Amino acid sequence: MRAGHKGTGPGAITPDGCAVELYSRLSLGPEPDIIAAAVPAGARILELGCGVGRMTHPLLERGFTVTAVDESPEMLERVRGARTICTRIEDLDLGETFDVVLLASFLVHSGDVRVRQELLRTCARHVTPGGCVLIQREGEDYHSNVPRERVDPSGLTIRIVSSQPVGDGVNSVRAEYEYPDATWTQTFRARPLTKEQFEQALAEAGLEVDKYLTEDRIWVRAVRR
């Protein structure tokens, strides 16, 4: 388990506290459409932190070629139709480049600055010249609008119960996920980043914002500088 992370509930739990069975049940929102609209048709995509393939499978259906990376073998067992690689993202060095590198799930907000730096370097290392990196950021009120909850179309109630400072600009976030027949919890560490801090982090990895893809600036297309 990664430091500061914990997960409870039925089934396998990944090193960052995610529950494999939970993510296998979750519905998917507009993410594949956002991605497809931002990149060339038929692009080769390197998906970092693919989980059970919730975005992998819709991207394959849209005609993209996907290499899916995750550190959890239990997650990767659920992925179908894509090349899969089991490793920590920060350790990845395939010696090849891709039209698109995808870093979703707010991974850029890792509480560990060194991990964040390595994640972004992995992105920069694997994107072809002229290609792009798509990044999903936290919403600007992610840590201030708590507690909050929403109901997923799958019938899941998702609660962000708390976000508490633990020092050095890092918050400990507790989430609860409740289906009628099962409940999971996850505690993880996240570092809030202002727009300026986010763009500076990109610059340190040799990347820069090309375009904010959504009005809330959660989805970003970045390119090599």
Side-chain angles (χ1 to χ4, degrees), residues 1-29 31 47-58 68-80 84-92 102-116 118-119 135-139 141-193 218:
M1 195 64 60
R2 290 180 181 249
H5 294 246
K6 181 181 179 182
T8 67
I13 304 293
T14 67
D16 60 356
C18 292
V20 175
E21 182 61 31
L22 167 64
Y23 280 87
S24 297
R25 297 190 188 193
L26 279 176
S27 64
L28 185 62
E31 291 88 353
E47 184 184 4
L48 303 175
C50 66
V52 297
R54 291 173 59 244
M55 284 196 286
T56 314
H57 300 140
V69 178
D70 204 277
E71 67 179 339
S72 166
E74 294 88 355
M75 288 284 196
L76 288 177
E77 286 175 0
R78 311 288 180 107
V79 176
R80 298 289 181 268
T84 59
I85 298 172
C86 187
T87 186
R88 286 160 48 109
I89 297 168
E90 53 266 45
D91 297 332
L92 185 70
L102 176 59
L103 186 70
S105 302
F106 314 133
L107 293 175
V108 72
H109 290 274
S110 170
D112 188 326
V113 171
R114 291 172 297 179
V115 170
R116 182 192 70 208
E118 291 301 328
L119 294 179
I135 301 172
Q136 185 183 25
R137 304 172 60 220
E138 294 175 342
D141 66 348
Y142 187 88
H143 295 272
S144 58
N145 180 24
V146 289
R148 65 181 182 272
E149 74 173 51
R150 67 179 178 88
V151 179
D152 185 78
S154 66
L156 169 70
T157 298
I158 302 172
R159 302 184 185 93
I160 303 299
V161 179
S162 61
S163 177
Q164 299 292 332
V166 292
D168 190 33
V170 177
N171 289 350
S172 178
V173 181
R174 178 177 171 83
E176 296 177 351
Y177 308 90
E178 184 177 339
Y179 277 108
D181 64 336
T183 299
W184 291 268
T185 71
Q186 182 184 13
T187 301
F188 59 94
R189 291 188 177 178
R191 181 180 296 273
L193 297 172
I218 287 177

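Computed from a predicted structure; not experimentally measured. Worth knowing before you read on, the calculation uses all heavy atoms, side chains too, and leaves out hydrogens, waters and symmetry mates.
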Quiz prompt | Lys/Arg N to Asp/Glu carboxylate O, Arg25 vs Asp181, below 4.0 Å | solution = yes
Quiz prompt | Value rounded to 0.5 Å, distance of CD in Glu74 from OG in Ser24 | solution = 11.0 Å
Quiz item: Is the shortest heavy-atom distance from the side chain of Leu28 to the side chain of Pro58 under 4.5 Å?
Solution: yes
Self-check item: No-hydrogen, no-angle side-chain donor-acceptor test under 3.5 Å, Asp70 and Ser72
Solution: no
Quiz item: Given Thr14 and Val20, is the side chain to side chain contact (heavy atoms under 4.5 Å, CB included) satisfied, shown in steps?
Solution: CA-CA 7 Å; Thr14 67; Val20 175; 4.1 Å; yes
Quiz item: Between Glu71 and Arg2, is there a salt bridge with N-O shorter than 4.0 Å?
Solution: yes
Quiz prompt | Arg116 with Glu118: basic N within carboxylate O range, under 4.0 Å | solution = no
Quiz prompt | Interatomic distance, Leu26 atom CG to Arg54 atom CZ [nearest 0.5 angstrom] | solution = 5.0 Å
Quiz item: Is any NZ, NE, NH1 or NH2 atom of the basic residue among Arg189 and Asp112 found under 4.0 Å from an Asp or Glu carboxylate oxygen of the other?
Solution: no
Exercise. Compare every heavy atom of Ile13 with every heavy atom of Gly7, then report the nearest pair and how far apart it is.
Key: CA-CG2, 3.9 Å
Quiz item: Between Asn171 (side chain) and Val173 (backbone), is there a donor-acceptor pair under 3.5 Å?
Solution: no
Exercise. Just say parallel, tilted or perpendicular for the rings of His5 and Phe188, cut-offs at 30° and 60°.
Key: tilted
Quiz item: For the residue pair Ala104 and Met55, what are the closest heavy atoms and their distance?
Solution: CB-CE, 3.4 Å
Quiz item: Looking at Tyr142, is Arg148 sitting on its ring face, NZ or CZ under 6.0 Å from the six-membered ring centre and within 45 degrees of the normal?
Solution: yes
Practice problem: Identify the two heavy atoms, one from Ala190 and one from Glu138, that lie closest to each other, and give their separation to 0.1 Å. | Solution: CB-OE2, 3.6 Å
Quiz item: Got a second to check how far Leu119's CG is from His109's NE2, nearest 0.5 Å?
Solution: 11.5 Å
Exercise. Drop me the distance from Tyr177's OH to Leu156's CG, to the nearest 0.5 angstrom.
Key: 8.5 Å
Self-check item: Test item: side-chain donor near acceptor, Ser162 and Gln164, under 3.5 Å
Solution: no
Exercise. Check whether any side-chain heavy atom of Trp184 lies under 4.5 Å from a side-chain heavy atom of Glu176, and answer yes or no.
Key: no
Quiz item: Would you call Thr157 and Tyr179 a side-chain contact if the rule is heavy atoms closer than 4.5 Å?
Solution: no
Quiz item: Hey, are Glu21 and Arg78 close enough for a salt bridge, meaning a charged N less than 4.0 Å from a carboxylate O?
Solution: yes
Quiz item: Any donor-acceptor pair under 3.5 Å linking the side chain of Gln186 with the backbone of Asp16?
Solution: yes
Quiz prompt | Rounded distance [0.5 Å steps], CZ in Arg150 versus CZ in Arg159 | solution = 12.5 Å
Quiz item: Distance from Leu48 atom CG to Ser105 atom OG, nearest 0.5 Å?
Solution: 10.5 Å
Exercise. Considering non-hydrogen atoms only, spot the tightest contact between Gly169 and Arg191 and give its length.
Key: O-CG, 3.7 Å
Exercise. Could you check if a side-chain atom of Cys50 sits within less than 4.5 angstrom of a side-chain atom of Leu76, using non-hydrogen atoms only?
Key: yes
Quiz prompt | Nearest atoms (heavy-atom pairs only) where Arg174 meets Thr185 | solution = NH2-CG2, 3.5 Å
Quiz prompt | Smallest separation among heavy atoms of Val79 and Gly51, with atom names | solution = CG2-O, 3.6 Å
Exercise. Would you confirm whether Glu90, through its side chain, and Arg88, through its main-chain N or O, come within 3.5 Å as a donor-acceptor pair?
Key: no
